[in-house]
Novice: 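Mind having a look at this structure? Questions to follow.
Only heavy atoms go into these numbers, but all of them, side chains included; no hydrogens, no water, no symmetry mates.
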Amino acid sequence: MAETTGNTRDHEASRHPQPRKASWKYIGPGIVVAATGVGAGDLVATLIAGSNFGYTLLWAAIIGCLVKISLAEAAGRWHLSTGRTLFDGWASLGRWTTWFFAVYVVVWGFVYGAAAMSSSALPLQALFPDVMDLKWWGIACGLVGLVFVWFNKYAVFEKVMTVLVGVMFLVTVYLAIRVTPNIPDAFAGLLPVLPDEKDSILNTLGLIGGVGGTITLAAYGYWVNAKGWTDTGWMKVMRLDNRVAYATTGIFVIAMLFVGAELLHSANVAIASGDKGLIQLGDILEDEYGAATAKFFLIGFFATSFTSLIGVWHGVSLMFADFVARLSGTGQAKGEEVASGTRERSWPFRAYLLWLTFPPMILLFEGQPFRLIIIYGVLGAAFLPFLAGTLIWLLNSSRTPREWRNGPLSNVMLAVAGLLFLVLCVKQIWDQPWGEFF
């Protein structure tokens with residue numbers, strides 16, 4: 001999505017690496033970010049949009065993918081053009097970024113760990129109802145994710161994610177075809193029209209903002225480096241990879257909107273928000289198409305949830321390891337350091353893995369503490385405005401070599417993303433029950 005201006009380079013990027021031809025054989029980090037970013041919650045939100053509004057908001061889902069392309073591309077471009085990691089860029093903007101990230105990554109990781117384990121456990125319990133309780137399935141998923149990420153490097157991680165994405169793809173496309181979408185109505189849904197409903201603007205913005213990814217968008221640059229892409233010679237490859245990521249995300253989202261529009265909207269059936277809405281959908285699919293289709297869907301539901309779990313276990317741990325190295329001065333915050341694999345073997349990487357896995361298990365037994373959930377919601381809502389704003393700042397300044405700074409199109413897309421997420425952030429903060437907090 002980015003454009004470039006000028007033909008000179010700063011001393012930091014005076015080398016001229018040989019450009020690699022954009023080729024499908026290099027694709028990898030994009031698949032990882034698509035799989036991690038599209039969780040069960042995104043699929044439920046899209047299902048509910050299809051259930052409530054039919055095909056009317058199809059255009060909004062597509063815009064959501066375009067917005068995320070611009071954010072991920074900007075993160076990847078920073079890593080490749082400067083040779084520095086994103087956290088190193090944030091740190092150059094002032095100490096406030098360090099404090100924000102530190103609080104965010106601790107609180108967010110604690111709550112998200114429980115949510116990811118629970119989401120992965122739901123379809124397993126539905127598939128094997130008499131084996132064990134939901135919380136024990138959740139603990140098993142967390143431990144499997146921990147062991148897998150602890151002992152495997154990026155290359156194996158990417159291959160497993162690719163297989164799980166293949167399962168997700170087959171399931172969602174199969175369901176979209178099975179419900180027999182109304183193609184003329186779907187094309188009509190490409191026109192930017194708002195539903196004639198109360199709060200339709202906020203619902204539309206929520207759908208745009210919820211299409212795949214929060215902190216995983218920032219992790220994309222780290223996965224680019226982990227793949228071995230560390231200089232501008234990989235820029236064309238990264239851009240193709242990023243577009244594949246959000247084309248894949250778009251297919252998932254459009255397919256689930258088709259299912260919501262045809263299976264739920266036409267029958268005037270409502271499902272619950274959150275992961276349990278997908279369990280309800282499984283029951284509806286069983287009634288409509290039989291047990292085999294329902295089980296096939298539950299397998300896809302598990303693939304969707306578990307890719308988000310191991311993706312966060314790997315990507316955010318990688319970011320945390322970089323954060324600690326930069327803060328303590330024990331390592332260089334450079335792409336080559338990430339590419340070497342030393343981050344994945346470091347104690348901060350493994351410490352954050354443990355943080356994501358074991359403390360959140362308490363929440364599986366005791367429920368989620370009210371005040372912590374409010375803080376989690378606020379920090380989560382603030383992260384994407386933070387990401388968009390800091391990327392605009394970094395990529396329009398002398399921190400980035402002139403050739404790779406933002407052009408007009410990139411600035412417009414990042415500004416739109418920033419404003420969109422700022423509105424959603426304000427709404428999220430406004431909607432919190434602050435009266436009960438104090």
Side-chain angles (χ1 to χ4, degrees), residues 27-50 57-58 60-73 75 112 115-120 122-123 141 145 157-158 160-176 206-220 223 241-260 273-275 277-279 281 297-316 380 383-384 387 417 421:
I27 298 303
I31 297 296
V32 172
V33 77
T36 306
V38 179
D42 295 291
L43 297 187
V44 173
T46 311
L47 271 172
I48 291 174
L57 292 180
L58 180 59
I62 292 172
I63 287 178
C65 291
L66 294 176
V67 166
K68 300 297 175 61
I69 285 175
S70 65
L71 281 166
E73 188 275 343
Y112 181 83
M117 287 187 272
S118 178
S119 178
S120 298
L122 278 169
C141 289
F157 165 70
E158 183 189 285
V160 171
M161 291 289 273
T162 302
V163 170
L164 292 173
V165 166
V167 173
M168 292 167 61
F169 187 88
L170 287 174
V171 170
T172 53
V173 171
Y174 167 76
L175 289 178
L207 179 61
I208 293 172
V211 179
T214 49
I215 195 171
T216 55
L217 290 165
Y220 178 65
W223 284 322
D241 179 76
N242 179 45
R243 287 162 188 163
V244 168
Y246 283 95
T248 306
T249 300
I251 290 170
F252 292 151
V253 169
I254 291 168
M256 294 310 286
L257 192 135
F258 281 5
V259 173
S273 60
D275 300 340
L278 292 183
I279 297 295
L281 178 63
F297 165 72
L298 289 171
I299 292 169
F301 176 7
F302 172 73
T304 300
S305 297
F306 195 65
T307 51
S308 293
L309 186 153
I310 60 175
V312 165
W313 262 230
H314 186 275
V316 184
F383 185 80
L384 283 177
L387 177 62
F421 296 126

Novice: If I compare all heavy atoms of Leu217 with all of Ala72, which pair ends up nearest, and what's the gap?
Specialist: CD2-CB, 4.0 Å
Novice: Tell me, do Phe252 and Cys65 make a side-chain contact under 4.5 Å, heavy atoms counted?
Specialist: no
Novice: Restricting to non-hydrogen atoms, name the atom on Val165 and the atom on Ala35 that form the minimum distance, rounded to 0.1 Å.
Specialist: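 Looks like CG2-CB, 3.2 Å.
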Novice: Would you call Thr46 and Val259 a side-chain contact if the rule is heavy atoms closer than 4.5 Å?
Specialist: no
Novice: If you measure from CG on Leu122 to CG on Leu278, what distance do you get to the nearest 0.5 Å?
Specialist: 8.5 Å
Novice: How long is the straight-line distance from CG of Asn242 back to OH of Tyr220, given to the nearest 0.5 Å?
Specialist: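 If I round to the nearest 0.5 Å, the distance is 4.5 Å.
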Novice: Ala417 and Val67: which non-hydrogen atoms are nearest, and at how many Å?
Specialist: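 Reported closest heavy-atom pair: CB-CG1, 3.5 Å.
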Novice: Is there side-chain contact between Leu387 and Leu384, with at least one heavy-atom pair below 4.5 Å?
Specialist: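 A side-chain contact exists here, since the closest heavy-atom pair is under 4.5 Å.
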Novice: Set out, in order, the CA-CA distance, both residues' side-chain angles and the distance that settles side-chain contact (heavy atoms from CB on, under 4.5 Å) for Tyr246 and Val33, then state yes or no.
Specialist: CA-CA 9 Å; Tyr246 283 95; Val33 77; 4.2 Å; yes
Novice: Rounded to the nearest 0.5 Å, what's the gap from CH2 on Trp223 to CD1 on Ile31? Could you check?
Specialist: 12.0 Å
Novice: With heavy-atom distances below 4.5 Å as the criterion, would you say the side chains of Val316 and Tyr112 are in contact?
Specialist: no
Novice: Out of curiosity, Leu47 CG to Leu257 CG, how far, rounded to the nearest 0.5 Å?
Specialist: 8.5 Å
Novice: Which atom pair, heavy atoms only, marks the closest approach of Ser120 to Leu309?
Specialist: OG-CD1, 3.8 Å
Novice: Less than 4.5 Å apart, side chain to side chain, heavy atoms only: is that true for Phe157 and Val32?
Specialist: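 Sidechains of Val32 and Phe157: in contact.
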Novice: What is the distance from atom OG1 of Thr172 to atom CG of Leu43, rounded to the nearest 0.5 Å?
Specialist: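 Rounded to the nearest 0.5 Å, the OG1-CG separation comes out at 8.0 Å.
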Novice: List in chain and number order the residues that pass side chain to side chain donor-acceptor pair (under 3.5 Å) with Ser119, two or more places apart in sequence or in another chain; answer none if no residue qualifies.
Specialist: Asp275, Ser305
Novice: Between Lys68 and Thr249, is a side-chain contact (heavy atoms from CB on, under 4.5 Å) present by the stated rule, with each step listed?
Specialist: CA-CA 10 Å; Lys68 300 297 175 61; Thr249 300; over 6 Å; no
Novice: Heavy atoms only: give me the nearest Val167-Ala303 pair and the separation to one decimal.
Specialist: CG1-CB, 4.0 Å
Novice: Please give me the minimum heavy-atom distance between Trp313 and Ala116, naming the atom from each residue.
Specialist: CZ3-CB, 4.1 Å
Novice: Check whether any side-chain heavy atom of Thr36 lies under 4.5 Å from a side-chain heavy atom of His314, and answer yes or no.
Specialist: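 Side-chain contact under 4.5 Å: no.
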Novice: What is the distance from atom OG1 of Thr304 to atom CZ of Phe297, rounded to the nearest 0.5 Å?
Specialist: 8.0 Å
Novice: Are Phe302 and Ile299 side-chain neighbours, meaning at least one heavy-atom pair lies under 4.5 Å?
Specialist: no
Novice: Could you check whether any side-chain heavy atom of Leu71 comes within less than 4.5 Å of a side-chain heavy atom of Phe421, counting everything from C-beta outward?
Specialist: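 Touching, per the 4.5 Å side-chain cut-off.
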